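In what follows, chains carry the letters A, B, and so on, assigned in the order in which the sequence lines appear, proteins first and then strands, with residues in each chain numbered from 1. Predicted, not measured: the structure shown is a model, and the values here were computed from it.
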2 protein chains.
Amino acid sequence: MPDDLRQEEYELLARIAHRYYVDDSTQEEIAREFGLSRPKVQRLLDRARRAGVVDIHIQAPPGLNLDLEDELRRTFKLTDAIVGPPYPDAQAQREAVARCAARYLERRLADGSVVAVSHGRDTGALPRFFHPDRRIDCTFVSAMGGSPNVDAPTNPNEISRALAERSGGRAVSLYAPAYVERAEIRDELRQQETVAHTLRLAAGADIALVGIGGTDDDCTMVRSGCLSVDEMARLRSQGAVGDVLGNYVDMLGRPVSSPHQERLIALTVEDLRRIRTAVAVVSEVEKPRAVLGVLRSGVVDVLVVDEPNARAVLALAREDGLGEGRRGSGGSGSGAAVPAGEVVDRRV
Amino acid sequence: MPDDLRQEEYELLARIAHRYYVDDSTQEEIAREFGLSRPKVQRLLDRARRAGVVDIHIQAPPGLNLDLEDELRRTFKLTDAIVGPPYPDAQAQREAVARCAARYLERRLADGSVVAVSHGRDTGALPRFFHPDRRIDCTFVSAMGGSPNVDAPTNPNEISRALAERSGGRAVSLYAPAYVERAEIRDELRQQETVAHTLRLAAGADIALVGIGGTDDDCTMVRSGCLSVDEMARLRSQGAVGDVLGNYVDMLGRPVSSPHQERLIALTVEDLRRIRTAVAVVSEVEKPRAVLGVLRSGVVDVLVVDEPNARAVLALAREDGLGEGRRGSGGSGSGAAVPAGEVVDRRV
DNA sequence: CCCATCGATGAGCAATTGATCACCGCAGCT
DNA sequence: AGCTGCGGTGATCAATTGCTCATCGATGGG
């Protein structure tokens, strides 16, 4: 393995590394023992590590994909990435990812935490697996209005209530529809104190829990009525690949506008950016393009995703050679020889 | 592997360990990321290491026996142990061990070092492989007189001279025979300034380089004439198993006296104990019992030995259940239910 | 209920390691 | 010959980690 090392040097590196890592000797002890200076020992240890003389392997539990998570984190400048094990069945896959997300939440929540909760099948699956081992005095607040057209467990108020119940915290519901017919009605509802208070609380949350939607006709935005099938077709023709909280982006993460946004009662994408930890939960198989677009927008901090989607997203990013892509800043959407830009580090 | 860990705990340990060892994150960074305290992260890393979640393996060069060396060091409280690769041929084996010893010396010698050199075939093989990569202003001094009955390369003066030549240092010879016929002659010679000066220098050395002799009739002590065959038979019947500088010990490391000692012109065993680093070089196949006895005497700090002998010595120590044995302090030598004592740590 | 014990915890200090910097030696060039 | 650039080195300071200790909470026993 370390072909570039002379035998003597290799032997010395191995001895010193063994003393340090196996025998738990300090660098000073080793220095004394080998007649070297302490900084010299430090350098030799560095060299031993770089040369592969020291092989550190983490025995992870089955199903834990630490290297894949690393790659996601690095590629998309994420605070964290959690990859759940693959399942052949969509429902089992959703549950596995929800379990991972629940575990993440259990670790991250502290007394006083505020979590803004979005709609979606993936976020909706989470409460069932959420069992904190202590009472957490936190707040779950709806980030979006509700819709009667989708299952109750998909609605933010129900998700918030269930999460609050299991943690011993409290739920703050948004008593408003997810969308209205005219922008004027939306503006009026948003100024109503009950709605405004809840949205303010959500906008000031520590953590946002969101799903990433696709642009197929079965997505939550269409099923809930926020978007018509025609409007969705139009978004697709404009290059939209996915959404978070109803805000669509293209493959490079640039926003794709649509009149439906003026009808939504939800956190805006600007609100979302201001939240310290935006957690996206994804388990559906048709989602890699949507996930890639949303990750490139830079709006997500933590991605909880199934392994097949994780691999597909990374493969997509590698194929188009743009890596994390370019943060949307307006443009023609032509996609012609756009150089790989940098994601704005909004956590500074 | 970590069966006693709950799944969640195992996963957390693996994540944290991966961040620390693979991602090079600091404990503080990990603490912030996982919402824990820094000391808690440190404890989790400790647990991860103890639980085997962290697997650190040193890629040693072929022929390097770091674990065996560890075991020798631990079993016999040695400053160091170096185990050379096995060879089927006695001469090749001696050369391999001498090469190891030469390398050890090269590492350890500094300007101003004084090395006291004993007789023996194993020490005599060393100069041939001794090639320091820089000039070392050191001194090699004979620890024992010489004998015309053995090969010149086995005599301390020749060894010292050869080592000095290769390092650019200087040799101080002992112009006296290894033994005389009467104790009175020995006392007279030891008081002669040329002899006294050399022995004083040798007694004040930083490093002593010695062989370990057996009790067979072909050993250097008999060949050189220091001991007759009868005297050797008597020593054997008294339980002697090996010697260093003509001082015999039994299997437990206790001294076995003999009148020949009053006739020797060499460093005493007390002198040897006062030298900071006494290095014993051993390559002969009949030696495990001798090595075990001498190691148990506590007089040796560093053992350079071939692999078969190393294994045999450790097996012997395990078989008689006494480990490093008991340091000789006088006694009947009955060996009846003597508890495993401790080697006095003379390096304090 | 109270009390004692034990283990976990974070604050804070000590020890160790990482990294910067001035200096030195060496090799190559003029 | 002198000069320059480069890499290695140890002294030293900064950063990180190890470890001690006081405190707290949980548990079990009386």
Counting heavy atoms from C-beta on, name the nucleotide in D/dC13, D/dT17, C/dG10 closest to the side chain of A/Arg38. D/dC13
If you only use heavy atoms from C-beta on, which nucleotide in D/dG18, C/dA11, C/dA19 is closest to the side chain of B/Pro39? C/dA11
For the pair made of CG in A/Asp46 and P in C/dT17, what is the distance, rounded to whole Å? 12 Å
Is any side-chain heavy atom of A/Arg276 closer than 4.5 Å to a side-chain heavy atom of A/Ile207? no
Is the shortest side-chain heavy-atom distance between B/Ile16 and B/Leu45 below 4.5 Å? yes
Answer yes or no: is there a side-chain heavy-atom contact under 4.5 Å between A/Val313 and A/Phe76? yes
Among C/dT20, C/dG10, D/dT17, which nucleotide sits nearest the side chain of A/Arg43? C/dT20
To the nearest Å, give me how far apart CG (B/Leu36) and C1' (C/dT9) are. 12 Å
Out of D/dG18, C/dG18, D/dT16, which has the shortest distance to the side chain of B/Thr26? D/dT16
From CD of A/Gln27 over to C1' of D/dA11, roughly how many Å is that when rounded to an integer? 15 Å
Tell me whether the side-chain N/O atoms of B/Gln42 come closer than 4.0 Å to OP1 or OP2 in C/dG10. no
When rounded to whole Å, the CD1 to C1' distance for the pair B/Ile30 and D/dA15 reads 15 Å
Does any donor atom in the side chain of A/Arg15 or A/Tyr20 lie under 3.5 Å from an acceptor atom in the other side chain? no
Would you say B/Tyr20 reaches D/dT16's phosphate, i.e. side-chain N/O to OP1/OP2 under 4.0 Å? no
I need the CZ-P distance between A/Arg32 and C/dA15, as an integer number of Å. 13 Å
Could you tell me whether A/Arg166 sits above the aromatic face of A/Phe130, with NZ or CZ closer than 6.0 angstrom to the six-membered ring centre and within 45 degrees of the axis? no
Could you tell me how far apart A/Lys40 (NZ) and D/dA11 (P) are, to the nearest whole angstrom? 14 Å
A/Asp24 CG to D/dT17 C1', in whole Å, measures 13 Å
Rounded to whole Å, CD of A/Glu9 lies from P of D/dG8 at a distance of 10 Å
